[in-house]
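Have a look at the structure below, then the notes.
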Amino acid sequence: MRLDINSKRQFGQLSKRYYRPESEVELASLTRCEKVYTKIVETSREGAIDAASDIAKAIEQCVEERGRCVIGFGAGKGALDVYDELVRLYFADKVSFAKVVAFNISELGLGQQSTDSQNNFRRLQERLFNKIDIDPSNVYTFNEGATKEDVHKHCKQYETLIDSFGGMDVLVCQLTKNGGLAFNDPGSQSTSSCRLVLLSNDSRQRIADSYQCEVAPDTAVTLGLSNLLSARKIICVAWGEASAESVYNTIEGRIGDNTPASFLQMHHDVKLLVDLDAASLLTRISFPWKVTSCEWTDELVRRAIVWLSQQTGKPILKLTNKDYNDNGLSELVTVFGSGYDVNIRIFNVLQHTITGWPGGKPNADDASRPERANPYPKRVVCFSPHPDDVVVSMGGTLRRLVQQGHDVHVAFQTNGDVMVNDEDLERTMMLSNRLSDHFDYASPRRDEVAKKIEDALHSKKPGDADSPEIRYAKGLILSCECMTSCKFLGVNPDNIHEMNLPFYSESPFGTGKVTEADVLPIKTLLQQLRPHQIFFADDYDPNGVNERASEALILAVMQLKNEPWMKDCRLWMYRGQWGQWEIDNIEMTVPMSPEEFSVKRQAILKHQSQVHDAPFRDPENGQLAWQTSIDRNTSLADLYSRLGLASYEAMEAFVRYHIDD
């Protein structure tokens, strides 16, 4: 079971008419900034049903007109939902594939040793072709025997084969998170043809996540954009918040090779299906006042005023009626009577998100505070997907909770071993060996384990999975660093809980699926502690650990929601390393003075294995995740200051998760 946390949070109050208008006239108004026909659906399941229905209709029409239907199939993770729905339609006798000719549009590692676990064509067979009535002789893929030396010849033969059937009638594919189609990554030209490509790091990480492995092949073969765009009809899907930027660039951005999918704007028959999370940056969702009259919810008013303040460069309380009129927000003046009334209202709302008491201020009026005063002190559990997340993302808040007398617990949901480099382990083993030699405490078993780890390190090749001994040792390095960091911030060492959930520990690369075995230890801890506050991460990290960790937590909470103590428990979501809350979503900000922010930085520096190097960096600026988090803390404080609110050195932000929504 997967709970769509972000859709639930961000769009619970979103008017359906922004993404499901009642008339063609309203649709035309809403989509005036969109250059590709886009249908926004509430869930990926709804989108998959819609796409499958369109494909079935296209098959029927092509067979009737031309006697067959030629379809190019992509094997992206998002497209698999569509194929499941096609299988369902087939078993319901609503579509036949007897006269369909199928082409695989991309394949991994051609010219390298292929594996069943990382093979697009086998994925298509398992999810679609083997379950329908398609003639196996009408299913085509790339020559797996091709080598890098003759792959160009085979690519040309594959293009000729497609042309011999009159080209593709339908293309089914997924929009990638970097704005690509198939393996046409940024830099691909609209004239590109079928070819061997060197995969970018982003694509390899995406493939590794899709196939639940650590490392993907470094090459692939793909139909080029010229081949894909030659299809008579294109159905493309994109799901999830991580796709939002590429969706925006594809639909509303300029055409160019920075976003290869933007060339879809040149096609006459494209349908892009996106869920609400993936659509979150589109104008009609983020800034609907630019394209239509609005239903002014509290959240939308806040977003509009913050936007207006940034557009004009003025603090909120200095915005005038003219500013509203000049920037298309005169409707707000009409609704609220004057710009001044709106200014005061939003200023107070934002002011009330700021609190120096994240656990609630005892013996104080809490009517306008984000957290209630009682009970005091509170039992607080801060869940950390990787051991360092809690300090890097909310270290200032963690310290404040401890200082204000709350019973604070930290739960490491995984040991984060994949975040530790081999060099850090080699240095630790060197220290261990030299201590053993100096103090003469060697033993046969100790030496056996040490040699096993050292031999495994020396024999490792790029992309190899770590041995269980290496994983355990690396996990200890990061866990011990994080315990030191938490202790530095005042957390009682007895209140640190190492969970090492099975989805992570029992998968070779820490990318397993969440099961009840992951939920049970979280439930057990929560039942034991019966907290009044729970903090958890809602970032999308590159290897998906944060997403899975939050999924396991929410599943545990949902199973416990009827417990009496849960009625008095609030859940707060934090971000930091991989994302930041938009200001219109923020419900609590915890400010830090220069001294307090310095303490947080010192706590972060306790994570020595993560300070100078780590597997994942910010793709835009190359910074390590903790450096980006620090910058986000200061930029948020700067934003509040520019809006005319109190000026602080840095801020950490939180959004409340409502169990019963």
Are [X] and [Y] close enough for a salt bridge, meaning some N to O gap below 4.0 Å?
X: R471; Y: D417; value: yes
X: D638; Y: R642; value: yes
X: R575; Y: D538; value: yes
X: D388; Y: K606; value: no
X: R303; Y: E582; value: no
X: D518; Y: K513; value: no
X: K474; Y: D422; value: yes

Distance col, row I604:CD1 vs C482:SG, nearest 0.5 angstrom, shows 11.0 Å

Side chains of [X] and [Y]: closer than 4.5 Å at any heavy-atom pair?
X: F383; Y: L525; value: yes
X: F347; Y: L645; value: yes
X: L636; Y: Q580; value: yes
X: T397; Y: W572; value: no
X: P370; Y: E587; value: no
X: I40; Y: D275; value: no
X: L398; Y: C382; value: yes
X: E42; Y: Y19; value: yes

Apply salt bridge (charged side-chain N to carboxylate O under 4.0 Å, His left out) to the pair K600 and E652, showing each step before the final yes or no. CA-CA 11 Å; K600 174 177 177 173; E652 294 170 341; 2.7 Å; yes

Could you tell me if the ring centre of Y574 sits under 6.0 Å from that of F536? no

Sidechain-backbone polar pair: H352 side chain, V349 backbone, donor-acceptor under 3.5 Å: no

Step by step, work out the ring-ring contact (aromatic ring centres under 6.0 Å, His included) result for H386 and F412. CA-CA 6 Å; H386 304 89; F412 300 157; over 10 Å; no

